[in-house]
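Below is one structure, written out as structure tokens; the observations come after it.
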Number of protein chains: 2
Amino acid sequence: MGTLIGAVEAGGTKMVCAVGTGPDDLRDEVRFPTASPAESLTRVIDYFTTWQREHDEQIGAIGYGTFGPCDPNPASPTYGWVTTTPKPGWTDVDVVGRLRAGLEVPIGFDTDVNGAALGEHLWGAASDVDSMVYITIGTGIGAGLIVEGRILHGLIHPEAGHVYVRHDLATDPFAGSCPYHRDCLEGLASGPAIGARWGSPAGELGPDHPAWDLEAHYLALECANLVCTLSPERIVLGGGVMEQLHLFPRIRRETQQLLNGYIQAPAILTDIDSFIVPPGLGNRAGVAGCVALGQQALAAAG
Amino acid sequence: MGTLIGAVEAGGTKMVCAVGTGPDDLRDEVRFPTASPAESLTRVIDYFTTWQREHDEQIGAIGYGTFGPCDPNPASPTYGWVTTTPKPGWTDVDVVGRLRAGLEVPIGFDTDVNGAALGEHLWGAASDVDSMVYITIGTGIGAGLIVEGRILHGLIHPEAGHVYVRHDLATDPFAGSCPYHRDCLEGLASGPAIGARWGSPAGELGPDHPAWDLEAHYLALECANLVCTLSPERIVLGGGVMEQLHLFPRIRRETQQLLNGYIQAPAILTDIDSFIVPPGLGNRAGVAGCVALGQQALAAAG
């Protein structure tokens, strides 16, 4: 069974806490709106403290997957901080420091999408490959990358929702909604961008609405560019927007058209249905990923 | 000193063969135009065979860096092949098989840009970091990526010259020159693309020509997107086009403008002069990288 992990998926709008050992053993879960750091992190600590007392079981580590940007580099003086987030009140918050003060266990800390990527790699739709990308398309757009079985970090961590994509103002005059970059991918294709462009929440647009062909176009541009840049063995697309499953065939077809036969791999040319896929863990990808982050921290702590 | 390596930098227009142990010990070098596979590879084999006889010294391994796409996966049935290249006569050519038939030593085989990236990581402008990107901008555009000290491969290998970038037809009506993708980065910003757009070879355009602001714009888009996608600790820009050193400050400035403070790392915000840099090995990056590929093959062969 393995050690019990406390998982925290800290999203921009809600936080999910769970206790478990993996995607098929999530024993308890609680959700609450993301409030101030003080209020939210106190609530996280209280939840795990109470759970341990009530169940008379110990949690061995915490895995915390956060909205970004954050500092996931253990060698950095600001390790464990949420840094330049536009989310009010959360700029430069020492999350790991606050959690450590209340829960004396190893804490794994990374972006929520890096956690989800790790979860999908360990237990989900990419467990049979060594390199993959997980992209979430929802309130924001984020990506987690696994290279040779390990989360890619580099300088900070990927922020692949903020790439600039081809934007033809003649066919899509929407200026973009990203406060930093206006018409980056997130500014053109996130849930709020869809809502702002069409004047109606994305979830209320029918599958025949022209919004979805345009959405598939932008996401296909990102998939094609990722294939060229990172050469992943699989691309997993999750998040609220991708619950519109009719997007998958459109994205696959246009990714092939954009690459135009240049990347001669069966995964692209003939097997794209199993190359661009939904999360194998469904909506558990995020929480399960945080369990995986906790397991990593436990292993690293020896 | 280490074992002598035979290096082959196989470019689309010329091939460079050298013998040495590293960038500061390249003992001999010969260049010839890239002809048919039979002619070119026979010439490579003859060069090394003759060199060994004349110098009464043995070469311990070959490092072969090729134009792409190619198959660098040792587990693949087409390992060591140049695959879907548009270069006439070179489609599906078993390079490693032909070399092995003539030179009975371990052969390291990868893209020329992966080799150059490895060389820059071992001995050049990125020897102090673990993750970096080397981009060559010349006849084509290619990128090699180092992640945690190792060449990134994945599904095949990166082909980051073929990403689609923002292309504003109002300011740049040039349709693009890539036979596969038209206005991908290579189609907009390679040497031939510059020549086709302005009707004059890139090398003959003065530093005040408007070509260079546009060129810097496209390369800055690529740098900004790479920062968001891969989070490298350094970006090295080489190749013939980058011999126009006045491009560097323009690319750095526009990369900062495009990222607009979102990536809060000193490397981007204040130290960008040492983040986007020319190759530390200068024009030896390619050949030295092939020496590094040979050394890897030798180490792998035990």
Side-chain angles (χ1 to χ4, degrees), chain A residues 69 71 78 83-84 86 91-92 129-133 143 145 147-148 150 152-170 178-185 221-222 224-234 258-268 275, chain B residues 69 71 78 83-84 86 91-92 129-133 143 145 147-148 150 152-170 178-185 221-222 224-234 258-268 275:
Chain A
D71 184 347
T78 54
T83 54
T84 48
T91 305
D92 293 334
V129 297
D130 288 330
S131 80
M132 58 84 70
V133 183
L145 282 57
V147 174
E148 296 194 7
R150 292 163 52 83
L152 180 144
H153 286 118
L155 185 64
I156 303 182
H157 55 71
E159 279 286 347
H162 291 274
V163 292
Y164 290 96
V165 291
R166 231 167 38 169
H167 177 198
D168 180 356
L169 285 161
C178 174
Y180 281 89
H181 312 113
R182 226 175 54 167
D183 66 344
C184 67
L185 181 66
L221 276 170
E222 172 69 347
N225 282 1
L226 281 169
V227 166
C228 289
T229 304
L230 196 75
S231 202
E233 293 170 279
R234 191 151 303 144
L258 287 166
L259 292 170
N260 196 25
Y262 187 70
I263 306 293
Q264 284 274 334
I268 309 290
F275 178 72
Chain B
D71 185 346
T78 54
T83 55
T84 48
T91 306
D92 293 333
V129 296
D130 288 331
S131 81
M132 58 83 72
V133 183
L145 281 58
V147 174
E148 295 194 6
R150 292 162 53 84
L152 180 144
H153 286 119
L155 185 64
I156 305 182
H157 54 70
E159 278 286 348
H162 292 274
V163 292
Y164 290 96
V165 291
R166 229 166 41 168
H167 178 198
D168 181 356
L169 284 161
C178 175
Y180 283 88
H181 312 113
R182 226 174 55 167
D183 66 344
C184 65
L185 181 66
L221 276 170
E222 172 69 347
N225 281 1
L226 282 169
V227 166
C228 289
T229 305
L230 196 76
S231 202
E233 294 170 280
R234 191 151 304 143
L258 287 166
L259 292 171
N260 195 25
Y262 187 70
I263 307 293
Q264 283 274 335
I268 309 290
F275 178 73

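Heavy atoms only: backbone and side chains are in, while hydrogens, waters and symmetry mates are out. In what follows, every chain begins at residue 1, and chains take the letters A, B, ... in the order their sequences are listed. All of these numbers come straight from a predicted model, not from anything done at the bench.
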Subject >> When Val133(B), Asp183(B), Val129(B) are compared by non-hydrogen pairs under 4.5 Å with chain A, the top option >> reply: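 Of Val133(B), Asp183(B), Val129(B), Asp183(B) has the most heavy-atom pairs under 4.5 Å with chain A.
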Subject >> Top of Val147(B), Val163(B), Asp71(B) for chain A proximity - count of heavy-atom pairs under 4.5 angstrom >> reply: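 Sorted descending by pairs with chain A, the first entry is Val163(B).
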**OP:** Name all residues meeting the ring pair (Phe, Tyr, Trp, His ring centres under 6.0 Å) criterion together with Tyr262(A); count only those two or more places apart in sequence or in a different chain, and write none if there are none.
**Re:** His162(B), Tyr180(B), His181(B)
A side-chain contact here means heavy atoms from C-beta on lying under 4.5 Å apart; do [X] and [Y] qualify?
| X | Y | result |
| --- | --- | --- |
| Val165(B) | Arg166(A) | no |
| Tyr164(A) | Asn225(B) | yes |
| Leu155(A) | Ile268(B) | yes |

Original post:
For the candidates Pro179(A), Gly154(A), Ala224(A), Ala143(A), which exhibits the highest count of non-hydrogen atom pairs separated by less than 4.5 Å from chain B?
Top reply: Gly154(A)
Original post:
chain B: which of Glu159(A), Glu233(A), Arg182(A) shares the most heavy-atom pairs with it under 4.5 Å?
Top reply: Glu159(A)
Is it the side chain or the backbone of [X] that comes within 4.5 Å of chain A heavy atoms, both, or neither?
| X | answer |
| --- | --- |
| Ala265(B) | both |
| Asn260(B) | both |
| Leu230(B) | both |
| Leu258(B) | both |
| Leu169(B) | neither |
| Leu152(B) | side chain |

Heavy-atom proximity to chain B below 4.5 Å, by part of [X]:
| X | answer |
| --- | --- |
| Leu185(A) | neither |
| Ile156(A) | both |
| Thr83(A) | neither |
| Ser131(A) | side chain |

**OP:** Look up atom CZ in Arg150(A) and atom CZ in Arg150(B), then write down how far apart they are to the nearest 0.5 Å.
**Re:** 10.5 Å
**OP:** Measure from the side-chain N and O atoms of Ser231(A) to the backbone N and O of His153(B), and report whether any donor-acceptor pair falls under 3.5 Å.
**Re:**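 Indeed, once roles are kept as given, a pair shorter than 3.5 Å links the two residues.
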